[in-house]
Amino acid sequence: MTDPRIADALAILRENDHGSYTVPTQGLYPFQWNWDSCLTALGFAHFDEARAWTEIGTLFAHQWEDGMVPHIVFHVADDGYFPGPDVWRTGRKVPTSGITQPPVAGFALNRLFERATDRAAAEAQVRTLLPRVAAWHEWFFRCRDPEGTGLVAIIHPWESGRDNSIDWDAPLDRVPTDGVEPFARRDTLHARPEHRPTQAQYERYIALVQSFRDLKWNNERLGNASSFRVVDPGFNAILFRSCADLARLADALGETATAERSRMLAQRGLAALDTLWSDRHEQYLCFDRVARALIDSPSVGGLLPVFAAVPKARAAAIAERINRLGERARYIVPSHDPHAPDYDGKRYWRGPLWLIVNYMIADGLGAAGEAETADRIVHDSLVLIDRAGFAEYYDPETGEPCGGGRFTWTAAMVIEFLSRPLAVV
Ligand code: DGY
């Protein structure tokens, strides 16, 4: 018999479905978000493969000419969200934001393709999307790695997806806030203020947007011009996993040049990633490109690299570290070490646990042969669903649901967890 949680999850996908794209949740996030959509497509694929392809196709229909795929597509007008198109002013026909998000599309595409039952449709979709995803990857290395290190930087905390992580505190503090135009937040009307970023953080988020706007969203310049430039190991690992997965797709389609190039980018990146390993923390750390120093902050961004093909010893150390975090929190994986100063179990990315992160970490651990830890992550995720519903995120000590409710990608991950064993790459 089908698990009733699958039906509950599908109901959430359907209620947040706007036909060609899905909103992350009603009210708080009323548009299409980049990595939300790609991970949501994995949930849709179990019921409706065509709808899954549409989700990603819609996102890529709004790719910029330079290759960037924006983090928000404002398909409709809705003043329930700030900052809207009037703040971004990117000049797109259908308005979009001007920054990007973790590039999970290559991974999602490969997973959809591997599982597709309609092989002809899947091949047609991949033939269209492959060059677009490849162009996005090239954009990263061209615009966000000007020195050719193999690692790319984010230029705004929102790009990481981990908006208010403790990782960004020091680099964000240096962002000048003089000249920030007055604004009224909307997020705290939809979610509890103590679950959300602070006003001081928002001022810096908007200061960065204004400074990019002043540079006319010229990505060839922004990569060096932003006062916030940080290499996030989790973000990079997602990029390298997507490059490796794109190489597999390209091989399957006989696109040899794309396959070779994507494989090279993944391998070069993985070698460079090792420079971010910290023996003291037994995990990877972020690197501040402005201060030219590692950021001493044990967040989940340093555990996510297991999603990519890091060396087996690193994967084993990450599994160990997650097991230790499991002694400090009731549910794993918290987005920050509960023993670290500034940890806050309810405030967005400063401690709460997220199912999408659990999914990627469990997938990587499974592939690395760390099945026991992967199973505990999946188990804890499902216990939280049973106890607290399909929340945006959860307090890893109390299990309290936090942020938005009836959350699309949480639902998609539940479908993934319940529908099949974790894929071993
Ligand atoms: C928000 O508005 O909270 C988003 O995370 C930014 O993309």
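Counting starts at 1 for both ligands and their atoms, following the listed order. No experiment lies behind these values; they were computed from the predicted model shown.
- Not a single N or O atom of Q101, backbone or side chain, sits closer than 3.5 Å to an N or O atom of ligand 1.
- Atoms of ligand 1 found under 4.0 Å from any heavy atom of R196 (numbered from 1 in listed order, with element): 1 (C), 3 (O).
- Assignment of F82 to the shell around ligand 1 is not supported, since no heavy atom sits closer than 4.0 Å.
- Every residue meeting the side-chain contact (heavy atoms from CB on, under 4.5 Å) condition with A45, not counting sequence neighbours, appears here in chain and number order: A52, L112.
- Close approach of ligand 1 to W158 (heavy-atom distance below 4.0 Å) involves ligand atoms 6 (C).
- With T25 contributing its side chain and G405 its backbone, the two residues share a donor-acceptor pair below 3.5 Å.
- Counting heavy atoms of neighbouring residues, nucleotides and ligands inside a 6.0 Å radius, atom CD of E181 exceeds 12 of them.
- Under the 6.0 Å distance and 45° angle rule, R144 does not count as a cation-pi partner of F235.
- Under the rule for a ring pair (Phe, Tyr, Trp, His ring centres under 6.0 Å), H336 has no partner lying at least two apart in sequence or in another chain.
- For ligand 1 and D163, the ligand atoms under 4.0 Å from any heavy atom of the residue are 1 (C), 3 (O), 4 (C), 5 (O), 6 (C).
- At the top of the distance list for atom 7 (O) of ligand 1, counting protein heavy atoms only, stands H71 NE2, 2.7 Å.
- Relative to the six-membered ring of F307, R241 meets both conditions, a distance below 6.0 Å and an angle of at most 45° to the axis.
- Under a 4.0 angstrom heavy-atom cut-off, Y348 registers as being in contact with ligand 1.
- Atoms of ligand 1 found under 4.0 Å from any heavy atom of Y81, numbered from 1 in the order shown, are 1 (C), 2 (O), 4 (C), 6 (C).
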